[in-house]
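Lettering of chains follows the sequences in order, A, B, ..., and the numbering in each one begins at 1.
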There are 2 protein chains.
Amino acid sequence: MALAQKTFGRLSLYRHILDTLLAEGTRSLFSHELAQLAGVTAAQVRRDLMPARITGSPTKGYEIRALVHAIGGLIDARSPESAVLVGIGNLGRAILAHFHGRNPKLSIVAAFDDDPTKVNRILHGTVCYPLDDLPTTVRDQGIRIGIVTVPAAAAQTVADLLVQSGVTGLLNFAPVRLQLPANVYLEEIDFGMSLEKVAYYTRGRVAKGGR
Amino acid sequence: MALAQKTFGRLSLYRHILDTLLAEGTRSLFSHELAQLAGVTAAQVRRDLMPARITGSPTKGYEIRALVHAIGGLIDARSPESAVLVGIGNLGRAILAHFHGRNPKLSIVAAFDDDPTKVNRILHGTVCYPLDDLPTTVRDQGIRIGIVTVPAAAAQTVADLLVQSGVTGLLNFAPVRLQLPANVYLEEIDFGMSLEKVAYYTRGRVAKGGR
DNA sequence: GTCACATTGTGAATCTGCTCACGATATGGC
DNA sequence: GCCATATCGTGAGCAGATTCACAATGTGAC
């Protein structure tokens, strides 16, 4: 029933690529073209699209508009969803800016910080509140998604607060492994690990003429 | 010979957790304890540690200091490595702050931007230069790792510039799929996709009493 | 010194996801 | 209208990663 995480990630990527192509005026493409743009194989693309139950033509490929719509049907919510962000530092601001006005189905509706100088204003279209207001805001608006961009030391406390307030999905940027109840979905992004990975797999590669 | 990407990611995570434990004064632990903290199974931990050729005791578990050292031997470079960052926006600044003084073996040594008001100063210990200086700096210092935090529209151009200057590993934060020669290692972090993923897997979860 | 015990290290089985390869199919050329 | 062609949709096979399960091991209790 539910999509595998890897499949989901690729579908989201395909849609993003297809949106860009649509904006450029392209109307249709073949599986191998999308594959090339996404960095996967053509067979992978076709397999990923199976649950979308969309069908392409051997001579024209897939109609992009239909494809985007079908992918949306698989991965989007029926009704718009809201998220909150906690931690209005550089990273928090970058994320607010990034998402502002980007996706009407999924938006950040409030930001929180315990620093009084950072709150009670609007940043990139998002209202900023003191941290104390978090529980009531989240509860009253029935918000289910939280984004954690506070320093490592505060992350577990903030995550607990979010979960107690009713959040069941978290996106954590703090470099700590959060311990959460099993009913909460957790996605972690760790810059440090990513950079170490790049460093590791970069070693031994040859610049220029390598293949 | 080379570690699988998934194994690498977990080893990096284990080390981070173990570093934290060491700082708290813990000296040894069992595979199931590390597993719990990392969110994986005990068998997974033991299997991941096989290439480290470290051996634990049935009664004491693993000696943490030795473990950290052994993992370092697997994933760290022999000599210190340097990276450069391009795009001094909120995200770029957040990343500079994040890495400043964190890892002596892997540091960001220069940042670039094409906005003249952002350069010729030091930010979180990193010197900021105009974009025009990038090729010579990267070439002269033999830098192999680049971090891209520019807007989507500029990302491909910046990536090409980095690769031409000799970089063979990229960490890309811009929401575009970069097209690069096969000899360049590419790691992409896409906030939009991550948030969509959280939203998707959060749906249908029940707050509170769930298990 | 011996026993009981909990944990380690790892071969084997399992599971998940990816690729292969091929019959089915839609279209343009003649 | 029919043929040649390139791509689609998907069952089957394959590869890589995870879990299982158990013999080997080291230590503390007595």
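Rounded to a whole Å, the NZ atom of B:Lys6 is 10 Å from the P atom of D:dT19. Between B:His32 atom NE2 and C:dT8 atom C1' the separation is 12 Å, expressed in whole Å. To the nearest angstrom, C1' of C:dG9 lies 7 Å from CE of B:Met50. In this structure, CG of A:Asp48 is placed 12 Å from C1' of C:dT19, rounded to the nearest angstrom. Atom pair A:Leu29:CG and D:dT7:C1' shows a separation of 13 Å (rounding to whole Å applied). In this entry the distance linking CD of B:Gln44 with P of C:dT16 reads 14 Å, nearest Å. We find that CD1 of B:Ile54 is positioned 13 Å from C1' of C:dT8, with the value rounded to whole Å. Here the C1' atom of nucleotide C:dT19 and the CZ atom of A:Arg46 are 10 Å apart, to the nearest Å.
Scanning all heavy atoms of the two residues, the minimum distance from A:Thr149 to A:Gly92 falls at OG1-CA, 3.7 Å. Shown here for B:Leu134 and B:Val86, the closest heavy-atom pair between the two residues is CD1-CG2, 3.6 Å. Contact detail for A:Asn172 and A:Glu188: the closest heavy-atom pair is ND2-OE1, 2.6 Å.
Residue A:Thr41 places no side-chain N or O under 4.0 Å from the OP1 or OP2 atom of C:dC18. For D:dG9, the OP1/OP2 oxygens have a side-chain nitrogen or oxygen of A:Tyr62 closer than 4.0 Å. Contact check, B:Ser31 against C:dT7: no side-chain N or O comes under 4.0 Å of OP1 or OP2.
Within the 4.0 angstrom heavy-atom criterion, no nucleotide atom of any strand lies near A:Ala42. Residue-level contact check: B:Arg53 touches neither bases nor backbone, having no heavy atom under 4.0 Å from any strand. A:Thr7 comes within 4.0 angstrom of nothing in the nucleic acid, heavy atoms only.
Exactly one of B:Leu3, B:Leu11, B:Leu106, B:Leu74 qualifies for a side chain to side chain contact (heavy atoms under 4.5 Å, CB included) with A:Tyr200. That residue is B:Leu3.
For the atom pair OG1 (A:Thr26) and CG (A:Leu21), the distance works out to 4.5 Å, reported to the nearest 0.5 Å. Taken from CD in B:Gln179 to CG in B:Asp160, the straight-line distance is 10.0 Å, to the nearest 0.5 Å.
In the interface, the side chain of A:Arg47 is paired with the base of C:dT19 through a donor and an acceptor atom under 3.5 Å apart.
Not a single donor-acceptor pair under 3.5 Å links the side chain of B:Ser107 to the backbone N or O of B:Asn103.
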Pairs under 3.5 Å (N/O, protein and nucleotides 24-29 of chain D):
{"residue": "D:dT27", "atom": "O4'", "partner": "B:Thr59", "partner atom": "OG1", "Å": "3.2"}

